[in-house]
Amino acid sequence: MLVKNSIQLYHTIVMFNRDKFNFQNLIKANYYRFILLSPIFMGMGVLVGLASYPIYGAYLLTLLAMIIFQVNRHWLSLVAKLSAGACLWVAIGWISGFVKVEYFSAVPIIRSQAPKIITAKVLNSEHTQYGFRLTLQDTVSKDTVRLTYRRKKPVKVNVGDLIKAKVKLMPHKREIYPGGFNFRQKNAFEGIIATGALLSDPKIIQARSTEGRVNWIRQKLNNKIDSLLSSQTAMIAKALMTGEKTGLSQKTRDVYIKAGVAHVLAISGLHLTLIAGLVFFIIRRFLCLIPGFIHRYDSKKIAAVFSTLALFGYVLISGASVPTVRAFIMFCVLMLGILVDRQALSIRMIMVAAIGVLIIKPESIIMPGFHLSFAAVLALIAFYESNRQFLSRWLDDGGILKKVILYGAGVLMTSFIASFATLPFSIYHFHQFSVTGIFANLFIIPLMSFWIMPCILIYLLTGLDFGIQLAGQGIKVMTFIAEYFAALPGSEIFVPQLPVISLALMAAGIIWICLWHGWVRWIGLLFYVGSFLPLFWIQQPVVLVSEDAKLVGINDGNHLSVSSPRAKSFVTQIWAGSLGYNPAMNTSWRKDKKAVCDDQKNCLYQSTGMTVAYLKTLDNLQDYCRKSDILISQQPVRKGRSKCLGPKIIIDRFDVWRNGSYIIFKQGNKFIPKT
């Protein structure tokens with residue numbers, strides 16, 4: 001089908017005849033699908049609202065749309081109708097984003113605070129590699145903070161407990177790489193004002209209250225998993241059951257990322273579909289065993305109601321992430337179609353899901369999970385929608401062997417389409433992709449479908465421990481498969497940071513393919529391919545500076561050299577990925593002969609065409625000024641800046657405090673900073 005449409009598109013372009021091609025007729029033929037653009041315009045409005053532009057603009061757009069609609073409707077042109085609809089959806093999104101920022105977001109702290117004792121309620125407790133991560137709500141200020149708690153023998157606290165402890169509060173990180181993900185903004189949307197650490201063991205003042213029951217259930221499930229499984233197997237089981245991924249080690253994450261199957265660690269449509277499908281199947285088969293009942297009532301509709309309720313419970317205990325909410329809304333629409341005897345599996349279902357997500361969580365539009373989730377599902381439904389008749393004919397006419405072959409081919413095709421659709425978004429957000437993921441999913445998806453998720457469902461429905469234990473054995477097999485594919489050549493390919501225009505072209509290409517019918521839809525492939533073109537002329541920075549000036553990285557041509565002894569920290573891994581380098585190749589200045597440091601750990605790094613001075617103290621400032629092209633200081637240079645004439649760029653503690661992290665580009669003999 002794809003080949004046929006591509007050939008048709010080629011002949012249409014090559015043998016284009018203006019008399020035979022009528023664009024107006026093409027618009028009219030696809031007019032009924034323009035409603036699918038509603039979440040696109042709503043998303044535009046959400047972005048405006050999240051930027052805190054005055055809400056009066058949304059009111060004006062709403063008024064404009066109403067005026068256009070009220071004018072003689074029969075005289076309205078197609079363009080006027082579409083414009084009015086676009087204005088209305090932009091206004092709705094604008095209001096949604098503005099309300100989120102103004103009424104449901106926290107104001108984060110911007111400076112570290114002195115240690116203090118607080119009394120707080122435990123909202124959530126997560127197990128990490130090094131201890132626990134507690135989400136607390138101060139009983140006095142009502143502010144919510146997220147703190148790490150590391151002790152060899154920690155005091156066990158439960159969700160809902162009222163505790164008293166000495167804490168150190170610090171501001172969240174901003175953009176680690178200019179133009180990258182803003183962690184402070186994300187936490188502000190979640191209502192969390194600060195991060196930090198517990199400096200003392202918490203004292204439990206009052207035992208668990210009745211509030212926060214969902215998080216309490218999640219904690220109980222996590223504790224049960226810890227008692228039955230060990231090490232990273234338990235952590236993966238938690239990720240699949242309760243959505244808690246904080247305990248996953250970097251090694252485990254890297255293995256699944258390299259194998260191209262990291263999506264199984266994040267609860268999404270795959271997991272919800274398996275849980276809901278199993279519940280639907282069990283309930284319907286059980287009702288079929290009651291002859292008198294099955295003749296009076298529709299077992300399919302009853303199974304639809306109960307599977308929706310079961311899925312709602314799973315969404316709650318899994319943390320209700322963006323992909324989970326999206327999948328749940330789509331499933332509800334699908335079940336509603338069953339209840340009213342309508343076919344609901346179509347691209348309109350994605351439209352409803354997108355609108356629902358943007359209303360419930362408008363901030364999700366800037367999150368990677370939103371982009372990856374909707375890109376994959378859009379591409380899959382667009383493909384199967386255009387090939388529905390062929391696939392139905394093959395499935396209805398075939399025996400068991402034919403259906404098994406179709407299932408295997410379906411898994412492979414689904415993996416390929418989802419990987420193809422999410423590839424540019426993965427490159428934009430994570431700067432890497434895996435070519436082995438398509439084949440690894442051929443083994444991982446059936447393993448999840450027929451072993452791991454059914455066993456997890458057995459435990460959730462019955463509470464029998466062997467359900468988790470059997471799931472743990474399946475997880476071990478899954479990890480073994482992931483390790484095998486992660487070790488293959490080409491399992492990990494790194495790509496430099498793409499510009500925002502690439503993200504826009506990616507989205508436009510996928511939306512175009514899903515919007516149109518016929519050969520014209522494949523024009524969207526031009527947008528898709530165009531999103532990769534900036535890779536051929538993209539310019540990489542030569543120097544990177546962290547938001548607190550405590551870390552500096554030098555682009556050494558084929559790897560990243562950093563000032564810290566920890567060359568593979570979280571920040572340096574993001575830096576290396578943004579440059580298109582493997583983080584495993586990062587080196588420290590301690591082992592780099594190009595860096596010369598004095599007793600005060602002030603360093604001079606000499607690279608090709610430039611010399612960078614990095615100062616932790618202001619000792620011998622003038623000496624470093626004479627020798628360097630770029631000077632970076634952890635301390636405020638202040639009055640010394642006017643006397644430091646050698647460097648073309650000076651960045652000190654005040655600069656990063658005002659502007660955040662820096663990257664510096666080199667063009668000829670000029671150095672251009674960017675924040």
Side-chain angles (χ1 to χ4, degrees), residues 1-2 5 30 32-44 46 89 93 263 266 268-270 272-273 321-334 337 343-359 361 364-388 391 410-411 413-429 433 437-438 441 502-532:
M1 184 66 69
L2 176 60
N5 285 327
N30 289 271
Y32 71 98
R33 293 178 68 87
F34 285 165
I35 187 66
L36 302 177
L37 289 174
S38 301
I40 307 302
F41 292 113
M42 185 177 176
M44 294 177 181
V46 167
W89 282 110
H263 60 91
S268 60
L270 169 65
L272 265 67
T273 302
S321 63
V322 171
T324 309
V325 173
R326 185 269 308 160
F328 178 70
I329 294 175
M330 291 180 65
F331 183 81
C332 289
V333 174
L334 184 63
Q343 176 66 39
L345 187 60
S346 69
I347 210 142
R348 289 182 179 82
M349 187 168 62
I350 308 177
M351 179 196 75
V352 175
I355 293 172
V357 170
L358 291 176
I359 291 175
K361 292 187 174 183
S364 63
I365 195 170
I366 61 175
M367 305 297 175
F370 182 91
H371 304 153
L372 295 170
S373 177
F374 278 98
V377 176
L378 269 171
L380 288 171
I381 290 188
F383 174 80
Y384 287 110
E385 186 182 53
S386 60
N387 295 277
R388 180 181 295 168
L391 294 172
V411 171
M413 182 59 68
T414 298
S415 178
F416 174 77
I417 293 171
S419 299
F420 183 77
T422 58
L423 175 62
F425 296 95
S426 297
I427 291 175
Y428 179 84
H429 290 293
F433 66 94
I438 295 174
N441 280 302
S502 292
L503 187 65
L505 288 172
M506 299 169 199
I510 293 177
I511 292 168
W512 183 280
I513 291 173
C514 297
L515 179 64
W516 298 92
H517 265 160
W519 62 267
V520 73
R521 74 185 331 178
W522 302 115
I523 294 177
L525 290 174
L526 299 177
F527 294 100
Y528 183 91
V529 174
S531 67
F532 294 98

* To do: For the pair Met330 and Leu272, evaluate side chain to side chain contact (heavy atoms under 4.5 Å, CB included) and give the outcome as yes or no after the intermediate values.
  => CA-CA 11 Å; Met330 291 180 65; Leu272 265 67; over 6 Å; no
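Counting heavy atoms from C-beta on, the side chains of His263 and Thr422 never come closer than 4.5 Å. Residues Pro368 and Phe425 form no side-chain contact, since every pair of their non-hydrogen atoms from C-beta on lies 4.5 Å or further apart.
Here Ser373 pairs with Pro323, Arg326 under the side chain to side chain contact (heavy atoms under 4.5 Å, CB included) rule; sequence neighbours left out.
The two atoms that bring His371 and Ile365 nearest to each other are NE2-O, 2.7 Å, heavy atoms only. Nearest approach of Ile355 to Pro39, heavy atoms of both residues: CG1-CB, 4.2 Å. In terms of heavy atoms, Gly524 sits closest to Trp512 at N-CD1, 3.3 Å. Of all the heavy atoms in Ile511 and Leu37, the pair that sits closest is CG2-CD2, 4.2 Å. Closest heavy-atom contact between Phe374 and Ala354: CZ-CA, 3.6 Å. Nearest heavy atoms, Ile329 versus Val357: CD1-N, 3.9 Å.
Atom CD1 in Ile40 sits 11.0 Å away from atom CE in Met351 (nearest 0.5 Å). The line from CG of Leu505 to CD1 of Ile510 is 11.5 Å long, rounded to the nearest 0.5 Å. Residue Ser38 holds its OG atom at 5.0 Å from CH2 of Trp89, rounded to the nearest 0.5 Å. Between atom CD1 of residue Ile427 and atom OG of residue Ser531 there is a gap of 8.0 Å, rounded to the nearest 0.5 Å. To the nearest 0.5 Å, atoms CG (Leu372) and NE2 (His429) are separated by 6.0 Å.
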